[in-house]
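Here the structure comes first, spelled out in structure tokens, and everything after it is commentary.
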Amino acid sequence: MAAAAGNWRRTHTCGELRHTDVGKTVTLNGWVAARRNHGGIYFIDLRDRYGLTQVVLDEKLSATVKLGGEYVISVTGPVHARDAANVNPDRETGRIELVAERLEVLSPSRTPAFVIDGDEEVSTETRLKFRYLDLRRSAMQKNLAHRARLISAMRKAFEAQGFIEVETPILTKATPEGARDYLVPSRVHPGEFYALPQSPQIFKQLLMVAGLDKYFQVARCFRDEDLRADRQPEFTQLDMEMSFVEEEDVFAVWEQVMRETWRAAMGLELKLPFPRLRWEEAMERFGVDKPDLRFGLELKDLAPWASTSGFGVFTGALAAGGRVMGLAVPAPHALSRKDITGLEEVAKGLGASGLAYWKAAREGSSGPLARFVPDAASAERLMTLLGAREGDTCLFAAGDQDMVRKVLGELRVQLGKRFSLADKSIQAFAWVTHFPLFEYDKDAGRWFSAHHPFTAPEDWTLGGESADPAQLASRSYDLVYNGWELGSGSVRIHRPDVQERVFQILGITPEERQRKFGFFVEALASGAPPHAGFAMGLDRIVALSLGMDNIREVVAFPKTASAADLMCEAPSPVAPEQLAEVHIRTVVPG
RNA sequence: GGGGAUGUAGCUCAAUUGGUUAGAGCGCCGGCCUGUCACGCCGGAGGUUGCGGGUUCAAGUCCCGUCAUCCUCGCCA
């Protein structure tokens with residue numbers, strides 16, 4: 001190091017000097033956030049991660065340097081108390097100022113693309129292009145600090161429960177099921193590819209076979225699918241797995257982790273245990289697999305009334321094996337004819353043929369359905385089924401069960417938002433369990449795992465040879481929070497015979513299975529303990545805990561909706577030599 | 001892949017029915033100013049109206065295409 005180095009180094013940060021420091025001679029380093037030149041006296045607001053401190057220059061000193069916005073400087077001088085008239089009560093450091101005796105420009109700055117401390121909302125495009133400036137804003141620094149606190153709290157909570165953190169490969173093997181893989185060509189093996197992990201799923205199960213017993217990892221995951229506000233092509237999971245356990249053991253660990261995390265990062269005390277409800281119950285009561293439990297407005301089965309209603313659409317739906325369901329919007333929340341037309345559009349968009357409604361009343365009810373509710377007894381019966389009171393607006397859907405649930409589930413969500421039904425003081429965590437094991441894909445003409453192919457079935461026999469895969473429940477579960485899915489997991493298959501049977505139902509041939517999962521099946525046959533795990537979407541939970549709905553705000557260097565990095569301009573073409581090295585020839589359409 | 005919104009100065013936005021030399025605030029540059037803290041005052045520079053084509057006497061404005069950003073459906077075991 002040069003002999004002169006060190007005299008510019010800070011003794012304090014820009015956020016910590018107080019009235020009690022008056023008289024000390026200090027050195028601050030930071031960015032020039034604002035300049036106020038009064039000719040004979042010159043003020044600088046000096047910024048760093050910790051705050052803002054006013055620096056005062058006299059004419060002599062200010063004349064020696066040319067300062068621009070965002071210049072990085074070092075200033076040394078005594079801390080002075082401000083006169084009462086000059087105190088700035090809006091700033092932590094507002095009672096003092098640093099009177100500079102030495103000022104050094106450590107690094108000049110080009111004119112920034114936007115004003116760092118400005119009030120104007122800068123476009124996402126500009127923010128991402130100059131992300132290093134965007135991250136200089138205190139709001140972004142707070143977000144990242146909050147993220148770090150939350151991750152740290154989770155790490156501590158897992159470690160306290162005896163979990164060990166293990167890193168798993170980023171260069172791994174392509175998987176046939178699930179999301180599209182990001183591929184990486186191999187130089188050494190011409191024509192072959194690694195894949196970036198969609199999750200560390202297989203590795204964490206292998207760690208259980210290895211006997212690691214309690215694993216966790218802050219794991220980066222990659223999925224080459226289209227983006228959303230809450231989805232980036234690379235994202236972070238808090239991933240975990242444990243051995244010799246079942247659902248309740250995993251729930252207990254996570255409930256403890258969430259309680260400690262919420263306490264440390266948010267200062268909130270969570271009530272344990274979280275409620276559990278089976279997937280089937282969630283779908284029946286709320287129409288969705290991630291219900292917002294902060295308000296009611298539940299879906300009700302109206303078959304007992306509908307079957308004798310005389311309304312052809314309803315009786316027809318029931319006769320065809322479908323459902324007639326409804327929900328009651330409490331009377332204070334009025335829905336106009338126009339509102340209902342809007343909701344009907346939503347319903348139609350989701351496959352409903354229409355949206356019947358009824359203004360509940362024992363006498364003189366109204367709405368298109370009123371003529372099918374001819375008397376007080378009939379009205380009473382319907383209102384009881386709906387849990388409706390006098391004056392409530394009741395909405396109905398009839399038809400195929402999946403469609404009816406989807407329509408009313410969506411209406412429930414929209415009405416909840418519209419009328420702010422959710423009690424904001426509630427932290428509504430819940431475990432949704434026993435999702436279906438398989439889903440049928442009409443286009444592909446085969447069954448797919450609803451969760452992933454290593455998920456244990458509720459019944460180890462898989463219902464026998466003749467079972468209908470659609471009817472099988474799995475031992476998978478989601479953690480739901482205020483209507484958001486935070487993460488999911490399952491009890492895994494630890495028996496090779498059951499794993500074989502699942503592959504069989506998925507239509508994966510023995511050759512294919514051997515090629516793609518051979519090592520994994522062998523591992524399961526090499527002493528696999530019963531095990532189960534869970535992974536939480538970290539970006540989502542950090543954003544949610546900050547009251548934000550876009551995870552870009554909590555990711556340091558996120559990508560745009562077209563998966564581009566506007567700052568470093570990735571992806572980008574590469575030199576032909578580089579392609580040749582990895583045996584790639586590109587064929588670009590057009 | 002589909003749908004919707006947006007694109008004008010470095011940033012955030014305005015510009016009537018298609019009609020003069022495309023404006024404002026902030027930022028930037030120059031000057032003045034000893035108590036400001038969004039300092040103030042005076043002056044100034046800065047535009048391929050995303051790009052390409054078309055209609056028109058005339059296009060930021062209308063039409064077609066295209067690109068980018070945002071939201072969203074499909075997709076995301």
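Just so we're on the same page: letters track the sequence lines, and every chain starts at 1.
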Return the pairing partner of [N] with a 3.5 Å limit on both distances, Watson-Crick or G-U wobble; otherwise return none.
{"N": "B/C75", "result": "none"}
{"N": "B/U69", "result": "B/A5"}
{"N": "B/A38", "result": "none"}
{"N": "B/C26", "result": "B/G10"}
{"N": "B/C62", "result": "B/G54"}

Separation of [X] atom [atom1] from [N] atom [atom2], in whole Å?
{"X": "A/Asp549", "N": "B/U72", "atom1": "CG", "atom2": "C1'", "result": "13 Å"}
{"X": "A/Tyr182", "N": "B/C75", "atom1": "OH", "atom2": "P", "result": "18 Å"}
{"X": "A/Asn550", "N": "B/C70", "atom1": "CG", "atom2": "P", "result": "9 Å"}
{"X": "A/Arg127", "N": "B/A68", "atom1": "CZ", "atom2": "C1'", "result": "18 Å"}
{"X": "A/Glu59", "N": "B/C33", "atom1": "CD", "atom2": "P", "result": "8 Å"}
{"X": "A/Arg36", "N": "B/G40", "atom1": "CZ", "atom2": "P", "result": "10 Å"}
{"X": "A/Tyr42", "N": "B/G40", "atom1": "OH", "atom2": "C1'", "result": "15 Å"}
{"X": "A/Gln198", "N": "B/C76", "atom1": "CD", "atom2": "C1'", "result": "9 Å"}

With rounding to the closest Å, how many angstrom separate the [atom1] atoms on [N] and [M]?
{"N": "B/G30", "M": "B/U8", "atom1": "P", "result": "28 Å"}
{"N": "B/A5", "M": "B/C64", "atom1": "P", "result": "13 Å"}
{"N": "B/G43", "M": "B/C33", "atom1": "C1'", "result": "15 Å"}
{"N": "B/A22", "M": "B/C28", "atom1": "P", "result": "26 Å"}
{"N": "B/U66", "M": "B/G25", "atom1": "C1'", "result": "33 Å"}
{"N": "B/U20", "M": "B/G60", "atom1": "C1'", "result": "16 Å"}
{"N": "B/A68", "M": "B/G52", "atom1": "C1'", "result": "15 Å"}
{"N": "B/G3", "M": "B/G74", "atom1": "C1'", "result": "11 Å"}

Has [X] got a side-chain atom pairing as donor or acceptor with [Y]'s backbone, closer than 3.5 angstrom?
{"X": "A/Glu246", "Y": "A/Val491", "value": "no"}
{"X": "A/Asp45", "Y": "A/Leu52", "value": "no"}
{"X": "A/Asp83", "Y": "A/Ala85", "value": "no"}

| message | A quick test of your reading: do over 12 heavy atoms of other residues, nucleotides or ligands sit less than 6.0 Å from NZ of A/Lys406? | response |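 At most 12 heavy atoms, drawn from other residues, nucleotides or ligands, come within 6.0 Å of this atom.
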What's [X] touching, base or sugar-phosphate or nothing? Going by heavy atoms closer than 4.0 Å.
{"X": "A/Gln54", "value": "base"}
{"X": "A/Glu97", "value": "base"}
{"X": "A/Asp45", "value": "sugar-phosphate"}
{"X": "A/Arg110", "value": "nothing"}
{"X": "A/Phe448", "value": "nothing"}
{"X": "A/Ala450", "value": "sugar-phosphate"}
{"X": "A/Ser199", "value": "base"}
{"X": "A/Asp83", "value": "nothing"}

| Heavy-atom closest contact (A/Phe534 atom, A/Lys204 atom, distance) | O-NZ, 3.6 Å
| Candidates B/U69, B/C37, B/U34 - which lies nearest the side chain of A/Arg91 | B/C37
| said: Among B/C70, B/G27, B/C39, which nucleotide has an atom closest to any side-chain atom of A/Thr111? | reply: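 Closest nucleotide to the A/Thr111 side chain: B/G27.
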| note | Taking for A/Lys66 and for A/Val122 the nucleotide of RNA chain B with the nearest heavy atom, the one nearer the 5' end belongs to A/Val122
| query | Mapping A/Glu439 and A/Leu566 onto RNA chain B by nearest heavy atom, which one lands closer to the 5' end? | reply |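 Per heavy-atom nearest nucleotide, the more 5' residue is A/Leu566.
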| Donor-acceptor pair present, A/Arg231 side chain and B/C75 base, under 3.5 Å | yes
| task | Please confirm whether any donor atom in the side chain of A/Arg35 sits under 3.5 Å from an acceptor in the base of B/U36, or the reverse. | result | no
Which protein N or O atoms sit under 3.5 Å from an N or O of nucleotides 7-10 of chain B?
{"from": "B/G10", "atom 1": "O2'", "to": "A/Ala113", "atom 2": "O", "distance (Å)": "2.8"}

| Mind checking whether A/Phe503 and A/Phe520 have ring centres under 6.0 Å apart? |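 No; A/Phe520 has its ring centre 6.0 Å or more from that of A/Phe503.
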| field | A/Trp254-A/Tyr477 aromatic ring centre distance below 6.0 Å | value | no
| field | Evaluation steps, salt bridge (charged side-chain N to carboxylate O under 4.0 Å, His left out), between A/Glu500 and A/Arg495 | value | CA-CA 9 Å; A/Glu500 287 285 352; A/Arg495 289 166 43 176; over 6 Å; no
Under 4.0 angstrom between [X] side-chain N/O and [N] OP1 or OP2:
{"X": "A/Ser123", "N": "B/C11", "answer": "no"}
{"X": "A/Arg180", "N": "B/G74", "answer": "no"}
{"X": "A/Ser562", "N": "B/U69", "answer": "yes"}
{"X": "A/Arg137", "N": "B/C11", "answer": "no"}

| said: The criterion is side-chain contact (heavy atoms from CB on, under 4.5 Å); which residues satisfy it with A/Asn37, sequence neighbours excluded? | reply: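 By the side-chain contact (heavy atoms from CB on, under 4.5 Å) rule, A/Asn37 matches A/Tyr42.
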| In residues 219-229 of chain A, what residues come within less than 4.0 Å of RNA chain B, judged by heavy atoms? | A/Arg223, A/Glu225, A/Asp226, A/Arg228, A/Ala229
Donor-acceptor contacts, no H, no angles, side chain residues 564-574 of chain A, under 3.5 Å, sequence neighbours left out:
{"from": "A/Asp565", "atom 1": "OD1", "to": "A/Met567", "atom 2": "N", "distance (Å)": "2.9"}
{"from": "A/Asp565", "atom 1": "OD1", "to": "A/Cys568", "atom 2": "N", "distance (Å)": "3.2"}

| With A/Lys24, which residues qualify under side chain to side chain donor-acceptor pair (under 3.5 Å), at least two apart? |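 Partners of A/Lys24 by the side chain to side chain donor-acceptor pair (under 3.5 Å) criterion, ordered by chain and then number, come out as A/Asp21.
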| said: Please enumerate all residues that pass side chain to side chain donor-acceptor pair (under 3.5 Å) together with A/Glu70, with sequence neighbours excluded. | reply: A/Arg47, A/Arg136
| task | Let me know which of A/Arg147, A/Arg131, A/Arg127 forms a salt bridge (Lys or Arg N to Asp or Glu O under 4.0 Å) with A/Glu553. | result | A/Arg127
